[in-house]
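These notes concern the structure reproduced below.
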Amino acid sequence: MANQGAVTIERHIIEQQQDFPEATGDFSALLYDIAFAAKMISREVNKAGLVDILGLTGRENVQGEQVQKLDEFANEIIFKAMDHTGRLCCLASEEEDDIIPIPKEFKTGKYVLLHDPLDGSSNIDANVSIGTIFSIQRKISSGERGTIEDCLQPGSRQVAAGYIIYGSSTMLVYTAGKGVFGFTLDPSVGEFLLSHRDIKEPKRGKIYSCNEGNYNKWDDNLRRYIDYLKSDRNANGKPYKSRYIGSLVADFHRNLLYGGVFLYPADAASKNGKLRLLYEANPLAFIAEQAGGYASNGRERILDIQPESLHQRTPLIIGSYEDVKEAERFIAGEQE
Ligand code: P6P
């Protein structure tokens, strides 16, 4: 393929829009707004370590109030980038109990943005990669302004989903239902450049990711599955590698590129696990399936779950297709 030169996310979105004849440009502009917010968050995350050393805040307001927590900052940046554009009817955030309405003075649009503004932020002091996760649904309620009904839609109805990983480089990965694309931020020009075209996850991996500190709280079938992965009996004929960062976006991103299975299952202490359905499991499940992988709660497809509340949790097993399906068979007691 002739070298197309650097493809910015803006150019990519416009080119992709040609595949969506009904696209009005609103959706493309919404993706662009997310990329813009991501650049702002990336700048702050990347200098977070300097706050204590150099006293650099950059986030003090006119009253010189204390530096915000990074996840509150990220939440605010996303809201301020989205509230006035007329593309959203409402938002929902991991940081806010209720749905976030569009201020009365602004017109509303036909999309809903559900997001975890900075997942894994407790890792920031250790300079571990963290991320923003987002899910876009269409408005389905009849009124002008969005309602909880617009937020509580199954993941199968998502229009788009993605994440930004703030790591050794900042990457934005998204799908709009026609493949998974990765863009790497070139901070010298402030552009996300296409770096991973049509990402596909290996059908079977060699990596498993879970917090084995919870092993004694898992049920016997799940423990049998993990023991199987650590044995020579598994399909690879040798033990899987254990890789667990404890930052969902980082663990998911590595498995997306290399193959593998990530598990945050239910346990004796939490019957629904720890992760959230609407703005963690659903968007990553959409990406996983678009890349040829799969995502389950152990019994059913994540994208088929009908949400009942904004912050509901779900067990999550996600990654390479054959690995996730095999985990389901162990959990059902159909494989030992
Ligand atoms: P544990 C980070 O706090 C997070 O929400 C996810 O990013 C990560 O996958 C999970 O929790 C880690 O949880 O219980 O293993 O520390």
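Because the structure is predicted, anything quoted here is derived from the model rather than measured. Indexing begins at 1, ligand by ligand and atom by atom, following the structure's order.
- An N or O contact shorter than 3.5 Å is missing between Asn123 and ligand 1 by distance.
- Around NZ of Lys203, the count of heavy atoms belonging to other residues, nucleotides or ligands within 6.0 Å exceeds 12.
- What sits closest to atom 15 (O) of ligand 1 on the protein, heavy atoms only, is Tyr244 OH, 2.5 Å.
- Counting protein heavy atoms only, atom 11 (O) of ligand 1 is closest to Lys274 NZ, 3.0 Å.
- Judged by the 6.0 Å distance and 45° axis criteria, Arg204 is not positioned over the aromatic ring of Tyr321.
- By the criterion of a heavy-atom distance under 4.0 Å, both the backbone and the side chain of Leu248 are placed next to ligand 1.
- Atoms of ligand 1 found under 4.0 Å from any heavy atom of Gly120, numbered from 1 in the order shown, are 2 (C).
- Atom 14 (O) of ligand 1 has as its closest protein heavy atom Tyr264 OH, 2.6 Å.
- Taking the six-membered ring for Trp and the full ring otherwise, the centers of Phe134 and Tyr174 sit at least 6.0 Å from each other.
- Annotation: the span from Leu277 atom CG to Glu308 atom CD amounts to 10.0 Å, rounded to 0.5 Å.
- Applying the 4.5 Å side-chain rule to ILVMFWY residues, one finds Ile99, Val112, Leu114, Ile148, Leu152, Leu278, Leu310 in the same cluster as Tyr279.
- Among Glu326, Lys325, Glu328, Arg224, the one residue that satisfies the side chain to side chain donor-acceptor pair (under 3.5 Å) test with Gln335 is Glu326.
- Remark: ligand 1 and Asp119 share an N or O pair separated by less than 3.5 Å (distance only, no angle test).
- Atoms of ligand 1 lying under 4.0 Å from any heavy atom of Asn211, numbered from 1 in the order shown and given with element: 1 (P), 14 (O), 15 (O).
- The option from Gly131, Gly246, Ser247, Gly273 that lies nearest to atom 2 (C) of ligand 1, judged by heavy atoms, is Gly246.
- Between His196 and His253, the ring planes lie perpendicular to each other; the angle is over 60°, past the 30° to 60° tilted range.
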